[in-house]
Amino acid sequence: MTVDFHELEQAAATLDEADPLHAYRSLFHGADDPGSDVVSYLDGNSLGRPTISATEAIAAAVAQWSGRLIRGWDEQWMDLPLTIGNRLGAVVLGAEAGQTTIGDSTTVLLYKLARGALAMRPARTEIVLDTDNFPTDRYVLEGIADELGLDLRWITVDPSSGVGLEAAREAISEHTALVVLSHVAYRSGFLADAEAITRCAHDAGALVLWDLCHSAGSVPIELDSWNVDFAVGCTYKYLNGGPGSPAFAYVAAEHLDSFRQPIQGWMGRRDPFEMGPGFVPADGIRRVVSGTPAILGMIAVQSTIDLIDRAGVRAVRAKSVQLTGYLIDLTRTLLPEVRIASPLDAERRGGHITLDHPAFRDVTPRLWARGVIPDFRAPQGLRLGPSPLSTSFAEALVGIRAIAEELGR
Ligand SMILES: *Cc1c(COP(=O)(O)O)cnc(C)c1O
């Protein structure tokens, strides 16, 4: 096979010129930095690049810490998890104010929300989940099932696909207390029909908890209009909050009065500074908070929410679909021996794809050494997660070309 790389480069340049979001790339650190050793960053779904505005926002937060000291809590920090939560809800989650808060890790929030949800269905005995959900989701639910004596009803999925409506319908029954699934599958990128599965769960009298880690910031989400009960997600992936930035939790307004989470800390109590006897949950979403929130960790997220607000979620999704489609086309042209272990139908595909080949375990460190950064998912998957606001088509081409070279083509 002869491939005209010059022609491919021209085509990538044309796509970048026509891309209405191309200018956003310059708002990120490192994207076009000649001093960076990274020539193709394809792991925006694991750790997004930092925005330049985040540097300024973090510096301002440190200045506020230095100048306001303890007064900062009263003046701003106490409300920040809810303020950023509301912004995230409005711009990214399709959630009215008062239902979203930032804090803890996704793992911890999954535990808190799942336990709280299960307490609302005490007579039911099953949690529905799937075999290819992210490990933490499976482990947390295994622990809760042990703790409460509940049964796990596993949906067995093909790792190159995901949980379809039919499979969900078969698993959900009058015994189901809670359904916990990922909106976008971390491995294949399969985009679940969250609205239809939520309806199906509700028809059976069950509650749903969606994990939005791989969809928030890349795929349109309408939690309120889909009638979702609970949701959690990361902020360090497409929301570029930085390593270990705290996660978000959504509890639908209709559940807030009855919702009780298991880690009753002082920050989730009514009037925390009264330090009174006994736990009385705070009103509203604040009751999801347990201890002192990680203020510095949540600052950078705001910068990306602003960028998404400006760009528009639809434009972000359009670029994301175009990028994954482009990676698929390039894979077919340059890597014909590689299997595409992700949905080919853009309607059912989130923001990343996985390629499958037995050589990828060995190839990945060689790619990293040359500044081409996808990630490896056992047993033999190479996951490519372009970030719609910061990845260019030219960068995607550099990545696939390097993979082809490493496979000896
Ligand atoms: C990334 C990811 C997580 C990560 O959880 P942490 O508590 O932040 O480590 C959880 N679930 C899914 C689906 C993810 O993609």
Side-chain angles (χ1 to χ4, degrees), residues 42-49 81 88 92-93 101-115 117 127-144 154-155 157 159 161-163 178-192 194 197 208-219 221 223 228 230-250 261 263 288 290-291 293-294 297-298 300-301 304 320 324 341-342 349-354 373-378 381 383-387:
L42 297 172
D43 216 353
N45 61 318
S46 255
L47 182 67
R49 285 183 182 277
L88 185 71
V92 171
L93 305 179
T101 186
I102 313 283
D104 304 318
S105 63
T106 300
T107 302
V108 170
L109 288 177
L110 268 167
Y111 178 78
K112 288 162 70 168
L113 266 52
R115 279 289 308 265
I127 303 171
V128 168
L129 71 172
D130 74 282
T131 51
D132 205 40
N133 204 343
F134 191 84
T136 221
D137 302 55
R138 291 182 274 118
Y139 305 157
V140 162
L141 295 170
E142 285 167 358
I144 291 177
W154 294 93
I155 301 171
V157 299
S161 178
V163 180
L178 180 66
V179 179
V180 183
L181 298 170
S182 279
H183 189 201
V184 169
Y186 82 103
R187 197 195 301 265
S188 69
F190 180 89
L191 173 61
I197 293 176
V208 289
L209 165 50
W210 284 102
D211 185 327
L212 308 178
C213 280
H214 269 89
S215 56
S218 73
V219 171
I221 298 169
L223 295 180
V228 166
F230 305 97
V232 294
C234 296
T235 63
Y236 52 78
K237 293 175 177 169
Y238 296 105
L239 298 172
N240 312 310
S245 63
F248 61 87
Y250 164 94
Q261 55 100 346
I263 305 180
V288 173
S290 293
M298 62 183 75
V301 177
T304 294
S320 168
T324 51
S342 291
R349 190 169 73 232
H352 67 275
I353 61 167
T354 290
I373 322 266
D375 64 14
F376 177 73
R377 284 292 173 265
R383 206 171 55 153
L384 312 179
S387 198

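One-based numbering, in listed order, for ligands and for the atoms of each. Side chains included, hydrogens not; waters and symmetry mates left out as well; all remaining heavy atoms used.
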Working for side chain to side chain donor-acceptor pair (under 3.5 Å), residues T107 and T136: CA-CA 6 Å; T107 302; T136 221; 2.9 Å; yes
Note, D104 side chain near K112 side chain (heavy atom, < 4.5 Å): yes
Listed partners of F376 passing side-chain contact (heavy atoms from CB on, under 4.5 Å), at least two apart: F360, R361, T364, A378
Pair H183 and H214, ring centroids less than 6.0 Å apart: no
Set of residues that line ligand 1, where lining means a heavy atom lies under 4.0 Å from it: S105, T106, T107, F134, T136, D137, S182, D211, C213, H214, C234, Y236, K237
Non-neighbouring partners of S105 that pass side-chain hydrogen bond (donor to acceptor under 3.5 Å, both in side chains), sequence neighbours left out: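 Listed in chain order: nothing, the list is empty.
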Set of residues satisfying side-chain hydrogen bond (donor to acceptor under 3.5 Å, both in side chains) with respect to T324, sequence neighbours excluded: R349
